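Notes follow once the structure below has been shown.
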Amino acid sequence: MSKTIFYARVSTRDQKLDPQVDAARRLGVKPEHIFVEKASGTRHDRPQLAKALGSLEKGDTLAAFKLDRVGRSLPHLVSILEDLDARGVGFITTEDHLSTKGSTGKFVLQIMAAVAQFERSLMLERTRAGLAAAKARGRVPGRPRAMAPADVVRARKMLDAGEMNSSEVANMLKVSRATMFRELRKVRDMKEIEADR
């Protein structure tokens, strides 16, 4: 027998779940089929959502108050909806009155998928343009190095000379010992790679 699973979520502890839980009850969802979560929509780890999705079987329906309660982004939401559709599970919202059941629902899902793909393409295009612009200005994208190349060379020379211990060298260069050794290891690894070519 098919069932309806309701997923309710609020972003902060101050927000109330009551309106969403009330909507689930009006829908006739059994208390044991209501999964509630207090977590930001952008979080990847939402255990209650995972449990709700995992408890669905073919012919079941996942319900939510609004679309934004489920997906952390449009691509993520579309991914969930496509997965549900492939499993033969429907999706509805009580507030937006959206349903993936029927031909209209399938059409809405296709539009959302197209918009999500367009959004991904735009993001990729902007990222590539930003990287190209940074490269043209002589900037290297990513995190700045913990130590300047000249400081890494100085550290190697001072350690090889043996006049100072590693803590003293690190203090002089204003970095931690761990950072200094990590940077020295990077140079060594790079030399080994070059030697193997």
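Only heavy atoms go into these numbers, but all of them, side chains included; no hydrogens, no water, no symmetry mates. What you see is a predicted model; the values in this text were computed from it and never measured.
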Hey, is the main chain of [Y] close enough, under 3.5 Å, to the side chain of [X] for a donor-acceptor pair?
X: Glu125; Y: Ser121; answer: no
X: Asp96; Y: Leu67; answer: yes
X: Arg46; Y: Val70; answer: yes
X: Ser79; Y: Pro75; answer: no
X: Arg177; Y: Val169; answer: no
X: Thr93; Y: Leu98; answer: yes

Search all heavy atoms of [X] against all heavy atoms of [Y] and return the closest pair with its distance.
X: Ser166; Y: Leu159; result: CA-CD2, 3.7 Å
X: Met164; Y: Glu168; result: CA-OE1, 3.3 Å
X: Ser2; Y: Gly59; result: CB-O, 3.2 Å
X: Phe6; Y: Phe65; result: CZ-N, 3.6 Å
X: Lys38; Y: Leu17; result: CE-CD1, 4.0 Å

With side chains defined as the heavy atoms from C-beta onward, is the minimum distance between [X] and [Y] less than 4.5 Å?
X: Leu27; Y: Ile92; answer: yes
X: Thr100; Y: Asp85; answer: no
X: Asp60; Y: Thr4; answer: no
X: Ser99; Y: Phe91; answer: no
X: Arg156; Y: Leu184; answer: yes
X: Arg9; Y: Leu49; answer: no
X: Val21; Y: Val36; answer: yes
X: Arg154; Y: Leu173; answer: yes

How many angstroms lie between [atom1] in [X] and [atom2] in [Y], if you round to the nearest 0.5 Å?
X: Leu53; Y: Asp83; atom1: CG; atom2: CG; value: 7.5 Å
X: Ile34; Y: Gln48; atom1: CD1; atom2: CD; value: 12.0 Å
X: Met1; Y: Glu57; atom1: CE; atom2: CD; value: 13.0 Å
X: Asp151; Y: Thr179; atom1: CG; atom2: OG1; value: 12.5 Å

Distance-only donor-acceptor check, side chains Lys101 and Thr61, under 3.5 Å: yes
Is it true that the side chains of Tyr7 and Glu37 contain a donor and an acceptor less than 3.5 Å apart? yes
According to a hydrophobic-cluster definition based on side-chain heavy atoms being under 4.5 Å apart (Ile, Leu, Val, Met, Phe, Trp, Tyr only), do [X] and [Y] belong together?
X: Val153; Y: Met172; result: no
X: Ile111; Y: Leu81; result: yes
X: Phe107; Y: Leu84; result: yes

Looking at Glu163, I'd like to know if its CD atom is crowded, meaning that more than 12 non-hydrogen atoms belonging to other residues, nucleotides or ligands lie closer than 6.0 Å. no
If you draw a 6.0 Å radius around NZ in Lys3, do more than 12 non-hydrogen atoms from other residues or ligands fall strictly inside? yes
Check step by step if side chain to side chain contact (heavy atoms under 4.5 Å, CB included) holds for Lys58 and Arg87. CA-CA 6 Å; Lys58 187 174 182 177; Arg87 291 165 56 192; over 6 Å; no
